[in-house]
Amino acid sequence: HIHTSRNLIRVLSAAACKLSGKKLVITVHGSSLANGFGQGSKGLSRSLIRWAMRRASHVFAVNDDIRQLCLDIGVAGDRVTMLPAFIPLPADQVSGDKLPAEVREFIEAHGPTLVGAGWFGAIINGQDVYRFDFMLRSLAALREQFPTIGQVILVSGTHDESIRQKTMALRDELGLNEAVLFVD
């Protein structure tokens with residue numbers, strides 16, 4: 001079972017499973033599969049991705065658009081399941097007292113509070129997937145109308161330390177040091 005944002009890994013995994021007689025399950029989350037078929041993609045690349053996806057024993061798509069793309073690629077309908085990436089917790093498991101104190105205090109001091117998430121330096125097809133720079137510039141613009149707005153950004157990890165450093169420098173440049181809380 002692979003869950004990757006790289007089409008090359010999907011192709012290599014399909015080849016390895018074919019050679020070894022193993023079954024392959026692929027979870028597709030995000031826009032990487034669509035990008036592999038998008039404007040500027042090469043015919044050979046599309047063919048390899050199509051081949052890999054069709055070889056999977058099963059594909060889990062996290063939304064209807066991805067499910068439809070899998071079907072359009074030629075994955076058999078009985079081998080594609082739409083399974084949302086974010087399954088909501090029961091209401092009795094969600095409460096402010098379960099938040100770390102630092103996060104709870106930040107939210108109490110800001111209003112409204114936005115939440116973002118992602119990886120530093122997650123680049124797919126030359127594009128920064130999570131666009132923390134866009135989040136920060138948008139927050140700076142919103143502070144003109146909502147001076148107490150804040151943003152909690154959940155960081156899953158760092159692929160590129162230089163992008164992390166550039167993001168922190170942009171936060172400081174925009175005067176958002178007190179308005180943004182990065183949670184690793």
Side-chain angles (χ1 to χ4, degrees), residues 1-10 12-13 25-36 38-40 59-67 69 82-184:
H1 180 200
I2 62 168
H3 183 163
T4 181
S5 60
R6 302 199 185 269
N7 286 311
L8 178 59
I9 299 298
R10 292 180 183 123
L12 293 174
S13 296
V25 175
I26 300 175
T27 296
V28 182
H29 181 177
S31 60
S32 59
L33 184 61
N35 290 343
Q39 183 178 8
V59 177
F60 290 100
V62 301
N63 62 44
D64 285 324
D65 291 341
I66 294 172
R67 182 180 187 286
L69 177 58
M82 201 286 283
L83 182 66
F86 306 104
I87 301 170
L89 293 172
D92 64 340
Q93 292 183 20
V94 180
S95 68
D97 63 334
K98 295 188 183 213
L99 291 172
E102 177 187 29
V103 175
R104 188 173 49 253
E105 291 166 8
F106 182 88
I107 291 170
E108 289 170 357
H110 295 85
T113 304
L114 307 174
V115 177
W119 290 74
F120 286 108
I123 308 297
I124 297 176
N125 293 331
Q127 297 290 326
D128 184 347
V129 177
Y130 294 103
R131 297 292 314 268
F132 290 133
D133 61 327
F134 178 77
M135 288 184 208
L136 294 176
R137 291 182 194 286
S138 298
L139 182 65
L142 286 168
R143 284 182 59 86
E144 294 175 16
Q145 186 174 355
F146 305 98
T148 60
I149 195 170
Q151 183 163 17
V152 176
I153 299 179
L154 309 170
V155 180
S156 298
T158 301
H159 291 295
D160 185 332
E161 182 60 33
S162 69
I163 292 178
R164 175 187 273 275
Q165 291 171 3
K166 287 177 187 174
T167 302
M168 297 307 174
L170 179 61
R171 175 200 61 193
D172 296 345
E173 176 187 321
L174 295 172
L176 297 174
N177 197 25
E178 297 299 320
V180 177
L181 175 64
F182 286 95
V183 179
D184 292 296

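This structure is a prediction, so every number in the text was calculated from the model and none was measured.
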Here the side-chain hydrogen bond (donor to acceptor under 3.5 Å, both in side chains) pairs for residues 108-122, sequence neighbours left out, are none
The salt bridge (Lys or Arg N to Asp or Glu O under 4.0 Å) partners of Asp133 (sequence neighbours excluded) come to Arg131
Contacts satisfying side-chain hydrogen bond (donor to acceptor under 3.5 Å, both in side chains) that involve residues 134-149 (not counting sequence neighbours) are none
Sequence neighbours excluded, the answer for side-chain contact (heavy atoms from CB on, under 4.5 Å) partners of Ala101 is Arg104, Glu105
Ring pair (Phe, Tyr, Trp, His ring centres under 6.0 Å) filter on Phe182, not counting sequence neighbours, yields Phe120
Closest non-hydrogen contact found for Leu139 with Gln151 is CD2-CB, 3.9 Å
So side-chain hydrogen bond (donor to acceptor under 3.5 Å, both in side chains) across residues 173-184, not counting sequence neighbours, yields Arg164-Asp184, Arg171-Asn177
dist Ile26:CD1 -> Thr4:OG1 (nearest 0.5 Å) comes out at 9.5 Å
d(Leu136 CG, Leu174 CG) to nearest 0.5 Å is 6.5 Å
Scanning both residues in full, the closest heavy-atom pair of Ile66 with Ala61 reads CG2-CB, 3.5 Å
One should read off an interatomic distance between Asn7 CG and Asn35 CG, to the nearest 0.5 angstrom, of 8.0 Å
In short, Arg10 meets Val28 closest at the heavy-atom pair NH2-CG1, 3.9 Å
In this structure, CG of Asn63 is separated from CG of Leu69 (nearest 0.5 Å) by 10.0 Å
Separation between CG (Leu170) and CZ (Phe132), nearest 0.5 Å, reads 12.5 Å
The reported gap from CD1 in Ile153 to OG1 in Thr167 (rounded to nearest 0.5 angstrom) is 8.5 Å
Tightest non-hydrogen contact, residues Ser5 and Ser32, listed as O-CB, 3.0 Å
